[in-house]
Each structure stands twice: as structure tokens, then as C-alpha cells.
Amino acid sequence: MALMDILHYPDPRLRTRAMPVARVDDRIRQLAADMLETMYHAPGIGLAATQVNVHERVIVVDVSPEHNDPRCYINPEVIAREGEEEMEEGCLSVPGVFDTVRRAEKIRLRALDLQGQPVELDADGLFAVCIQHEIDHLDGKLFVDYLSGLKRDRIRKKLTKAAL
């Protein structure tokens with residue numbers, strides 16, 4: 001396994017729409033393992049391949065308190081949404097920034113697992129928020145896009161200055 005570099009906002013590569021994975025093979029399984037290692041090291045609870053400059057539809061999440069329930073979803077898509085909730089979010093690609101975002105309270109997810117088998121599951125609470133957040137990354141969208149233009153501009157300036 002290997003640690004990967006996480007792209008930081010406003011890097012334009014974070015706006016790239018990820019392509020579907022055509023075949024789940026050892027390369028994809030290694031990518032998922034490296035992403036999990038990177039996510040745990042950061043530390044975070046979710047990571048999308050886009051964030052490590054791999055533009056394929058792969059996400060990893062672990063919202064367990066003990067960080068011992070790693071999950072990987074390939075070609076994930078939300079096929080149903082229910083309710084609405086607001087939760088404070090942060091992002092490994094937007095370090096040090098947290099703000100409230102409104103998302104679906106419950107979702108139904110369809111994806112492939114690491115063996116290439118289809119899975120469907122229901123998620124709610126933090127798990128649902130994390131999945132939605134990571135799928136947004138695959139679509140080139142960041143949580144700051146849910147904030148006002150003024151807040152987004154301040155965040156962009158702050159992170160650009162910090163990177164110099």
C-alpha cells in the first residue's frame with residue numbers, strides 16, 4: 001500500500017468528472033487499498049479517487065467510531081433520496097474548513113464491490129452524508145459549492161495563500 005497525495009481546493013483537477021470503472025480488477029483493488037491508507041492517515045472518514053488525481057468512479061468510506069469498517073464503492077450512484085438534514089462537513093481537499101451543508105437524510109446506493117459484484121444498500125445519518133459528499137467529488141463538485149459565493153471566495157483565497 002502507498003500514501004497518495006490529496007489535491008487541495010482550488011486545484012482545477014478537483015473539478016474533473018470521473019469516468020466509470022469498466023472492470024474491477026487488481027489495479028482497482030490496489031487503488032482502493034491505497035485510498036483507504038491515505039484516508040486513515042489524513043485522517044478522514046471518506047475519500048474519492050478524484051481527490052487523489054485518479055479520475056475513476058471509486059470512493060472509500062469508514063464512519064465507524066473505531067475506524068475499523070472500511071468500505072469501497074465502485075461506480076456508486078444514489079438511486080433514491082428521502083428527507084433532508086443539515087450537517088457540518090469538512091473535506092480533506094479543503095483542510096481546516098467546516099460548514100453546514102444540506103443533503104438527503106436517507107439514501108439508497110447502488111454500486112459495485114471490490115469483487116465487481118453489484119450491491120445496493122440503504123444509508124442514513126453521517127454514512128449517507130459521507131457517501132453523498134464523496135459522490136459529489138466524482139462529479140467534480142465540492143462541499144464549498146453549497147456555500148455562498150462570498151464564503152467560497154474567502155475559502156479559496158485563504159487556501160491559495162496558505163499554499164504559497
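- One hydrophobic cluster, built from ILVMFWY side chains closer than 4.5 Å, cannot hold both Val54 and Leu7; they sit in different ones.
- Transitive grouping of hydrophobic side chains (ILVMFWY, heavy atoms separated by less than 4.5 Å) keeps Leu112 and Ile79 in distinct clusters.
- Closest non-hydrogen pair, Lys106 versus Asp124, comes out as CG-CB, 3.7 Å.
- Both Leu31 and Val21 sit in one connected hydrophobic cluster of ILVMFWY residues. Membership requires side-chain heavy atoms under 4.5 Å apart, directly or through other members.
- Here the closest heavy-atom approach between residue Asp62 and residue His67 is recorded as OD2-C, 3.0 Å.
- Ion pairing of Glu89 with Arg103 is present here, as a side-chain N (NZ or NE/NH1/NH2) and a carboxylate O approach within less than 4.0 Å.
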Apply side chain to side chain contact (heavy atoms under 4.5 Å, CB included) to residues Met39 and Asp34 and explain how you reach the verdict. CA-CA 9 Å; Met39 178 191 76; Asp34 291 346; over 6 Å; no
Checking side chain to side chain contact (heavy atoms under 4.5 Å, CB included) for the pair Val61/Glu134: CA distance, chi angles, key distance, verdict? CA-CA 8 Å; Val61 298; Glu134 300 311 329; 4.1 Å; yes
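- At distances below 3.5 Å, not a single donor-acceptor pair connects side-chain atoms of Glu88 with backbone N or O atoms of Asp99.
- The shortest distance between side-chain heavy atoms of Gln30 and Arg27 does not fall below 4.5 Å.
- The side-chain heavy atoms of Glu105 and Glu84, taken from C-beta on, include no pair separated by under 4.5 Å.
- Asp113 places none of its side-chain heavy atoms less than 4.5 Å from the side chain of Ile74.
- You'll find the side chain of Leu138 stays beyond 4.5 Å of the side chain of Arg17, heavy atoms only.
- Glu86 and Thr100 form no side-chain donor-acceptor contact under 3.5 Å, judged by distance and modelled atom types alone.
- Side-chain N or O atoms of Gln51 include one that pairs as donor or acceptor with a backbone N or O of Ala48 at under 3.5 Å.
- Residue Asp5 qualifies as open at atom CG: its count of foreign heavy atoms under 6.0 Å is 12 or below.
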Step-by-step side chain to side chain contact (heavy atoms under 4.5 Å, CB included) determination, Ile131 to Ile107: CA-CA 9 Å; Ile131 289 170; Ile107 62 167; 3.7 Å; yes
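- Ile6 is listed as a side-chain neighbour of Ser93, based on a closest heavy-atom distance under 4.5 Å.
- A salt bridge is defined here as a Lys NZ or Arg NE, NH1 or NH2 lying under 4.0 Å from an Asp or Glu carboxylate O, and Asp153 with Lys157 meets this definition.
- In summary, Asp139 and Lys141 do not engage in a salt bridge, as defined by a charged side-chain N under 4.0 Å from a carboxylate O.
- The heavy-atom pair separating His8 from Pro95 by the smallest distance is CD2-CD, 3.8 Å.
- A donor-acceptor contact shorter than 3.5 Å links the side chain of Arg29 to the backbone of Leu114.
- Between the CG atom of Asp11 and the CG atom of Asn53 there is a distance of 7.5 Å, given to the nearest 0.5 Å.
- Val119 places none of its side-chain heavy atoms less than 4.5 Å from the side chain of Arg110.
- With hydrophobic clusters built from ILVMFWY side chains whose heavy atoms lie under 4.5 angstrom apart, Phe143 does not share a cluster with Val63.
- No side-chain heavy atom of Val97 sits under 4.5 Å from any side-chain heavy atom of Cys91.
- Listed here is the closest heavy atom pair of Val58 and Met35: O-CE, 3.6 Å.
- In summary, the side chains of Tyr146 and Asp136 do present a donor paired with an acceptor at a separation below 3.5 Å, with no hydrogens or angles considered.
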Evaluate the side chain to side chain contact (heavy atoms under 4.5 Å, CB included) criterion for residues Tyr9 and Lys158: first the C-alpha distance (whole Å), next the side-chain angles of each, then the deciding distance (0.1 Å), finally the verdict. CA-CA 10 Å; Tyr9 178 75; Lys158 175 184 169 185; over 6 Å; no
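- No path of Ile, Leu, Val, Met, Phe, Trp and Tyr side chains, each step under 4.5 Å between heavy atoms, connects Ile59 with Met19, placing them in separate hydrophobic clusters.
- Side-chain contact between His137 and Leu142 is present, with at least one heavy-atom pair separated by less than 4.5 Å.
- Judged purely by atom type and a 3.5 angstrom limit, Glu37 has no side-chain atom pairing as donor or acceptor with the backbone of Ala33.
- Ring geometry for Phe127 versus Tyr73: interplanar angle of 30 to 60°, hence tilted.
- Among all heavy-atom pairs drawn from Val94 and Val144, the shortest one is CG1-CG1, 4.0 Å.
- Across every non-hydrogen atom of Arg71 and Asp69, the tightest pair is NH2-OD2, 3.0 Å.
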